[in-house]
Amino acid sequence: MKIGIKYCGGCNPVIDRKRLVKRLMRELPDDCVYEYFNLDNCDIVLVVNGCSLACAEAPSKENTITIAGCTIDGWTYPEKELADQLLARLSTT
Amino acid sequence: MVCFGHLLFKPEALSWLFILHNYMDLTDNIVDNPFIRPHINSAAATYDIAFDPEYMDLAVATSHLTGEKINRFTHIQQSRDDMVKKPKFLRAIGRKTGTCFQRCVGWDALNTVYSVSYEIDQKYGTDYHERVCNYVKYIQKNDLMVVGGMTDPKGDRGLPPHKQPDPDLFVHVVEKKEDGIIVRGAKAHQTGAANSHEILVMPTVSLKPEDKDYAVSFALPLDTPGITLIFGRQTNDERKLGTLDQGNPTYGVVGGEALVVFNDVFVPWERVFMLGETEFVGMLVERFATYHRHNYGACKVGVIDVLIGATALMADYNGVPKASHIKDKIIEMVYLNENMHATSLAAGYESRALPAGNYYPHTMYANITKQSITRYHYEICRLAHDITGGFIATLPSEKDLAHPVVGPMITKYFQATAGVPTLDRIKIGRLIENVTGGTSLVESMHGAGSPQAQRVMILRDANLEQLKKLAKDIVGIDEEE
């Protein structure tokens, strides 16, 4: 699976974006490929915003999961549960 | 985009540097000189961040001149979105360096000269704006760091430049030649000068026609023959000869300011952006000041984020994080800091397009932002000192800590909460001392103009006559026709 990662600019994040993504990378299958720049041909894109303002623009609404602070696509979770929630969603992709 | 990163500052490029205090030896590798190296590291962070996916959304922009991706520090502001991203970007870097990273001043100078040159051309039919555009393209293509050369030494503040007993206390033209001009004078307190590529010089006060020779703006590489840099001292700067006692050993304090002296320096015509148009100088000074004041609710806010974190850590280390007065003081620090960022964001959201097309912050909110930092930064540091305790003023040196006899005594008697290494407590204490120290605070007071300069602009923009009318309307006092 090719996973695109698009970060916001990180001016004042309320979650540790890098740690969240590192955890996903650690737990996702080894054959997953990660792309930061050309997001057009990814199977799914994670838009990782540090706060609820969600400044980062998703390349499209299709195949996109938006993390915005302690929310995933608008649903709120404790920060420590974000990775598990994302792993569950990615497993169905 | 050209990436220089940590290779940006080559020793040979600094061979012209004159550093007039005893700890500098010009025979050494200047780049790794402990007095300069932290400032280089901090400036290098502005390059590294543009290649980090975690920050690219703020750190990279698209040039309106070439369509190329560029480091945002070289961007001419094209929209309100740019003007909102600016303070967010600066805050993000401040949180990484814990000190000034020196590069915003040149960014503001580029945007100022870009706009003013356009308006001069409209009146006089000159070609300054084309020269500025070519210069901006050169800076963007090569991702160069520019010093915004605004502040002249000024001599007797009660006298205009041409009446100063020494005519060189403001930068001025001493000769016009076929291929360019010769300039003399100096720019003081130049942040980042010791590790920048270029300086963009602008006049510093409004001028009358008698001061025509002082109405000059130009850009030069800082290794141009005739330019001398005299590096400034900082509070406790001898600590740079060590590590732990610096507090922020990687990035230092403030920006490594220098006095930049121009001793009959040649400037080719293509690098001259204003020459004698005194009626535009007031506009230029105000533009630059407003652009730059906008930043202080951003970079300093990022630095204060680090300070708040350090202070909260110290409360943890001291075992008092739940004490109500400690929590209340930390709340106050956050409250003041976010106030400053909010006004900076407001200045961006309410920015407007200038005739040249580039965007310009809301002058009231930009000046409010800078005025706040001259006051709130001091109050935030007072609260940090209150929470941290006298510990940061009396700590023994790192050499004592390493001493086989007294080192263990220091470790024993400066311990606090069980499980926290004394060394960690000392590191955080030194960081707080660094961020709240003399050089850091004076920079917040006088950088981008002293407090009274902002108050003058606040009063001007307050529109008191309109406010008086509001009061009259409510109580029924008729306006005289």
Side-chain angles (χ1 to χ4, degrees), chain A residues 1-26 28 32-61 64-72 79 82-83 86, chain B residues 1 45-46 48-62 69 71-73 75 79-97 101 104 294-295 297-309 334 337-342 344-345 348-349:
Chain A
M1 182 161 57
K2 189 174 181 182
I3 301 174
I5 296 173
K6 163 83 173 173
Y7 286 105
C8 71
C11 66
N12 190 16
V14 300
I15 61 168
D16 190 331
R17 300 172 303 155
K18 188 177 265 183
R19 187 165 66 186
L20 174 64
V21 171
K22 275 189 175 173
R23 161 102 192 271
L24 297 179
M25 289 177 169
R26 200 166 56 239
L28 284 166
C32 284
V33 176
Y34 302 94
E35 173 61 51
Y36 294 101
F37 302 101
N38 183 2
L39 305 178
D40 292 339
N41 299 315
C42 293
D43 299 304
I44 192 154
V45 175
L46 299 180
V47 182
V48 187
N49 293 284
C51 74
S52 57
L53 195 58
C55 289
E57 289 178 15
S60 75
K61 289 188 177 176
T64 296
I65 299 175
T66 300
I67 301 112
C70 287
T71 69
I72 300 172
E79 183 178 359
L82 289 174
L86 288 166
Chain B
M1 184 184 297
T46 70
D48 292 340
I49 198 168
F51 295 89
D52 185 340
E54 265 200 281
Y55 297 95
M56 273 182 179
D57 202 49
L58 290 174
V60 176
T62 301
K69 296 285 185 190
N71 188 308
R72 185 170 291 279
F73 277 113
H75 186 47
S79 64
R80 284 189 171 149
D81 185 54
D82 280 341
M83 294 302 288
V84 172
K85 281 185 169 169
K86 185 187 190 197
K88 292 186 176 195
F89 178 40
L90 299 177
R91 183 176 191 172
I93 309 179
R95 291 162 69 105
K96 292 169 74 73
T97 61
F101 32 88
C104 63
H294 183 204
N295 305 347
C299 58
K300 296 288 177 277
V301 166
V303 172
I304 292 168
D305 283 335
V306 174
L307 174 62
I308 293 170
V334 173
N337 202 34
E338 296 298 343
N339 257 298
M340 293 187 289
H341 193 54
S344 184
L345 289 173
Y349 279 113

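Every chain is numbered from 1 and lettered A, B, ... according to where its sequence line falls, protein lines coming before strand lines.
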I want to check something: taking the side chain as every heavy atom from C-beta on, are [X] and [Y] in contact at a cut-off of under 4.5 Å?
| X | Y | result |
| --- | --- | --- |
| B:Phe101 | B:Ile49 | no |
| B:Pro53 | A:Ile5 | no |
| B:Arg91 | B:Leu58 | no |
| A:Ile67 | A:Tyr7 | no |
| B:Lys300 | B:Met340 | no |
| B:Ser344 | B:Val301 | no |

Just checking heavy atoms, which of [range] are less than 4.5 Å from chain B?
| range | value |
| --- | --- |
| residues 52-60 of chain A | A:Leu53, A:Cys55, A:Ala56 |
| residues 12-22 of chain A | A:Asn12, A:Pro13, A:Arg17, A:Lys18 |
| residues 35-42 of chain A | A:Tyr36, A:Phe37 |

Provide the closest heavy-atom pair for [X] versus [Y] in the form atom of the first, atom of the second, distance.
| X | Y | answer |
| --- | --- | --- |
| A:Leu24 | A:Ala83 | CD2-O, 3.7 Å |
| A:Cys70 | A:Leu82 | C-CD2, 4.0 Å |
| B:Val84 | B:Gly348 | CG2-C, 3.8 Å |
| B:Asp57 | B:Arg72 | O-NH2, 4.3 Å |

Handout entry: Expected output: side-chain A:Asp43 to main-chain A:Lys2 donor-acceptor under 3.5 Å
Key =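 A pair under 3.5 Å: yes.
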Handout entry: Flag, side chain of B:Asn71 to backbone of B:Thr46, donor-acceptor distance under 3.5 Å
Key =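 Judged by distance alone, yes, a pair lies under 3.5 Å.
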Fill in the blank from the handout: Ranked by heavy-atom pairs below 4.5 Å to chain A, first place among B:Arg95, B:His341, B:Lys85 goes to B:Arg95
Exercise for the section: Could you pull out all residues at least two apart from B:Arg80 that satisfy side chain to side chain contact (heavy atoms under 4.5 Å, CB included)? Expected result: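 Per chain and number, B:Arg80 pairs via side chain to side chain contact (heavy atoms under 4.5 Å, CB included) with B:Ser351, B:Tyr359.
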